[in-house]
2 protein chains.
Amino acid sequence: MAYTVGQVAKVARVTVRTLHHYDEIKLLSPSGRTAAGYRRYDDADLERLQHIRFYRELGFPLEEIAAILDDPTADPAAHLRRQHDLLTGRIGKLQEMVAAIEIAMEARRMELNLTPEERFEVFGDVDPDEHAEEARERWGDTEAYRVSTRRAAGYSKEDWLRHKAEQDDWNRRIVAALTSGRPADSAEAKALAEEHRQLIVRWFYDCSYEVHTGLADMYLADPRFTAYYETIAPGLAEYLAEAIHANAISRA
Amino acid sequence: MAYTVGQVAKVARVTVRTLHHYDEIKLLSPSGRTAAGYRRYDDADLERLQHIRFYRELGFPLEEIAAILDDPTADPAAHLRRQHDLLTGRIGKLQEMVAAIEIAMEARRMELNLTPEERFEVFGDVDPDEHAEEARERWGDTEAYRVSTRRAAGYSKEDWLRHKAEQDDWNRRIVAALTSGRPADSAEAKALAEEHRQLIVRWFYDCSYEVHTGLADMYLADPRFTAYYETIAPGLAEYLAEAIHANAISRA
DNA sequence: GCTTGACCCTCACGTCGCGGCAGGCCGGAG
DNA sequence: CTCCGGCCTGCCGCGACGTGAGGGTCAAGC
């Protein structure tokens with residue numbers, strides 16, 4: 001029930017120096033000392049340290065942690081609830097970042113560039129300035145920049161032409177399927193959805209069925225992607241999204 | 001296409017000082033300067049800054065970020081893939097922490113204490129020491145500590161007795177349902193599952209149907225919780241878990 | 001042409017959360 | 001009694017900026 005600094009450090013995965021520091025700033029002072037001046041920690045100290053570690057892990061400054069832990073109106077259960085909320089919030093934020101990365105990957109794949117503002121949106125809310133004022137320039141005229149980044153991506157010109165040919169071929173075939181009235185859950189449409197996924201895997205990044213259906217939803221939710229598909233054929237975004245979902249389900 | 005420090009700082013949500021710092025350590029030097037010595041950033045600089053921000057957000061030291069970004073063998077697409085992987089990894093870690101919090105909440109609810117080692121398990125892998133050597137002492141004899149923490153939780157003695165009565169009543173009724181052979185997806189069992197959830201909500205923490213089914217899985221996966229329910233009645237852990245799932249489905 | 005205020009520059013010192021080492025005092029095993 | 005590992009208290013250093021101080025720059029309005 002009583003532990004030395006070393007023991008505490010080991011079990012809590014912190015260094016002895018850290019415990020000294022916490023003692024110095026009175027964030028966590030051991031409940032007692034031995035005659036020789038050795039720090040003695042008890043179970044309550046360990047519990048406090050666990051909470052400290054938790055908030056620290058989430059990036060809270062030590063001073064704030066002290067305020068949280070010394071708040072007399074918060075019982076232990078409240079701390080657990082708060083931690084639970086914090087975690088789910090963080091997870092949500094990270095999932096948004098994942099979504100942003102997937103957007104970036106798809107934007108790259110479609111040779112569609114993002115404005116600087118869009119590229120940083122993931123890191124927080126934008127102050128509702130103009131924002132879409134200069135939205136026109138995101139579609140055009142940066143051909144030179146595109147070419148340069150394309151070179152940087154490590155593809156040779158021939159690779160790129162081959163990919164473009166495959167992509168064009170696929171485009172033609174899905175437009176044919178759409179205009180000929182084949183339902184989006186038909187075997188043919190599903191096969192085209194699967195080909196779409198394979199195209200991504202071969203040329204860009206590993207795209208599981210889960211990620212693929214995520215993309216499908218994105219095509220509908222994000223006007224930039226919807227617009228991209230709509231320029232190929234009206235109704236294509238929705239058709240493709242449905243086919244992707246049907247394909248994913250039938251492969252599960 | 002050309003930005004001043006202030007403009008970059010605004011769009012990237014960093015301070016001017018940070019940009020100065022990145023310039024000092026040559027992590028991100030503006031592509032040019034004006035005659036007066038003003039820093040001028042271009043789109044490529046912004047792209048680099050975006051990556052820097054990303055890795056920084058995930059806690060990477062600047063030096064390492066420089067190494068990652070200056071690695072000539074990594075094309076832009078590879079960065080996106082890497083970032084995607086990093087994020088999903090982080091999410092996984094946070095979800096484990098959520099699970100640990102839920103365990104802690106349930107452990108608290110059941111008056112079951114965790115050993116110090118268990119309490120810190122969430123923060124990383126344990127070196128496979130003895131670990132369960134002294135597992136016996138986690139079940140017993142810390143009555144005094146329990147009482148003290150219970151007081152700290154803000155419940156009065158009467159509150160606690162009322163809760164205990166409710167809990168005992170529920171215990172009796174679910175054991176009756178189990179032994180009388182009522183199927184776990186019967187209306188009666190589902191009602192008892194719902195009561196279980198309400199009991200948690202009233203006395204401990206907000207427990208959605210989602211969290212509730214999470215608990216059900218935990219009762220089966222974690223021997224500590226299984227053992228707890230088994231001591232009340234053999235087969236109860238499984239029965240309750242099934243009833244909780246059935247209840248959650250029928251409420252969805 | 002001149003002021004004014006917002007923006008930019010370069011030092012340079014301060015802060016936070018420790019890491020790491022020096023120099024010295026315990027404490028139990030042999 | 002003597003080790004060796006562990007503990008103690010300074011104290012300096014570092015990474016990633018924050019925060020002025022002291023001074024030049026630029027576009028807008030008079």
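Letters A, B, ... are given to chains in the order of the sequence lines, protein chains preceding strands, and every chain is numbered from 1.
- Side-chain contact between A/R39 and A/L19 is absent, with no heavy-atom pair separated by less than 4.5 Å.
- Atom C1' of nucleotide D/dG15 and atom CG of B/L27 are separated by 13 Å, given to the nearest angstrom.
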In 5'-to-3' order, the base (B), backbone-only (S) or no-contact (-) status of each nucleotide in nucleotides 17-27 of chain D, using a 4.0 angstrom heavy-atom cut-off, is BBB----BBS-
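- The shortest distance between side-chain heavy atoms of A/L46 and A/Q50 does not fall below 4.5 Å.
- Counted within 6.0 Å of CD on A/E24, heavy atoms from surrounding residues, nucleotides or ligands total more than 12; the atom is thus considered enclosed.
- When rounded to the nearest whole Å, the span between CG of A/D23 and P of D/dC7 equals 14 Å.
- Around CD of A/E63, the count of heavy atoms belonging to other residues, nucleotides or ligands within 6.0 Å does not exceed 12.
- If you measure from atom NZ of B/K26 to atom C1' of D/dA16, you get 18 Å, rounded to the nearest angstrom.
- Rotation axes derived from the C1' atoms of the five outermost pairs at either end of the helix from C/dG1-D/dC30 to C/dG30-D/dC1 lie 0° apart, to the nearest 10°.
- Counting non-hydrogen atoms under 4.0 angstrom, A/V16 reaches nothing in the nucleic acid.
- If you check every strand for non-hydrogen atoms under 4.0 Å, B/R33 touches sugar and phosphate atoms only.
- Using a 4.5 Å heavy-atom cutoff, the side chains of B/Y219 and B/I244 are in contact.
- Protein chain A contacts DNA chain C from C/dG17 to C/dG27, reading 5' to 3' and using non-hydrogen atoms of the protein with a distance under 4.0 Å.
- The shortest non-hydrogen separation linking A/T15 to A/T18 is OG1-OG1, 2.9 Å.
- In this structure, B/L86 and B/F60 have side chains that are in contact, with non-hydrogen atoms separated by less than 4.5 Å.
- In this structure, B/E63 places its CD atom 13 Å from C1' of D/dA16, rounding to the nearest Å.
- Taking CZ of B/R40 as the start and CZ of B/R33 as the end, the distance is 11.5 Å to the nearest 0.5 Å.
- For the pair A/D70/A/R48, a side-chain contact is recorded, criterion being any heavy-atom separation below 4.5 Å from C-beta on.
- The CD atom of A/Q83 sits 5.5 Å away from the NE2 atom of A/H51 when rounded to the nearest 0.5 Å.
- Separating the CZ atom in A/F54 from the CZ atom in A/R82 is a distance of 10.0 Å, to the nearest 0.5 Å.
- We find that OH of A/Y41 is positioned 11 Å from C1' of D/dC7, with the value rounded to whole Å.
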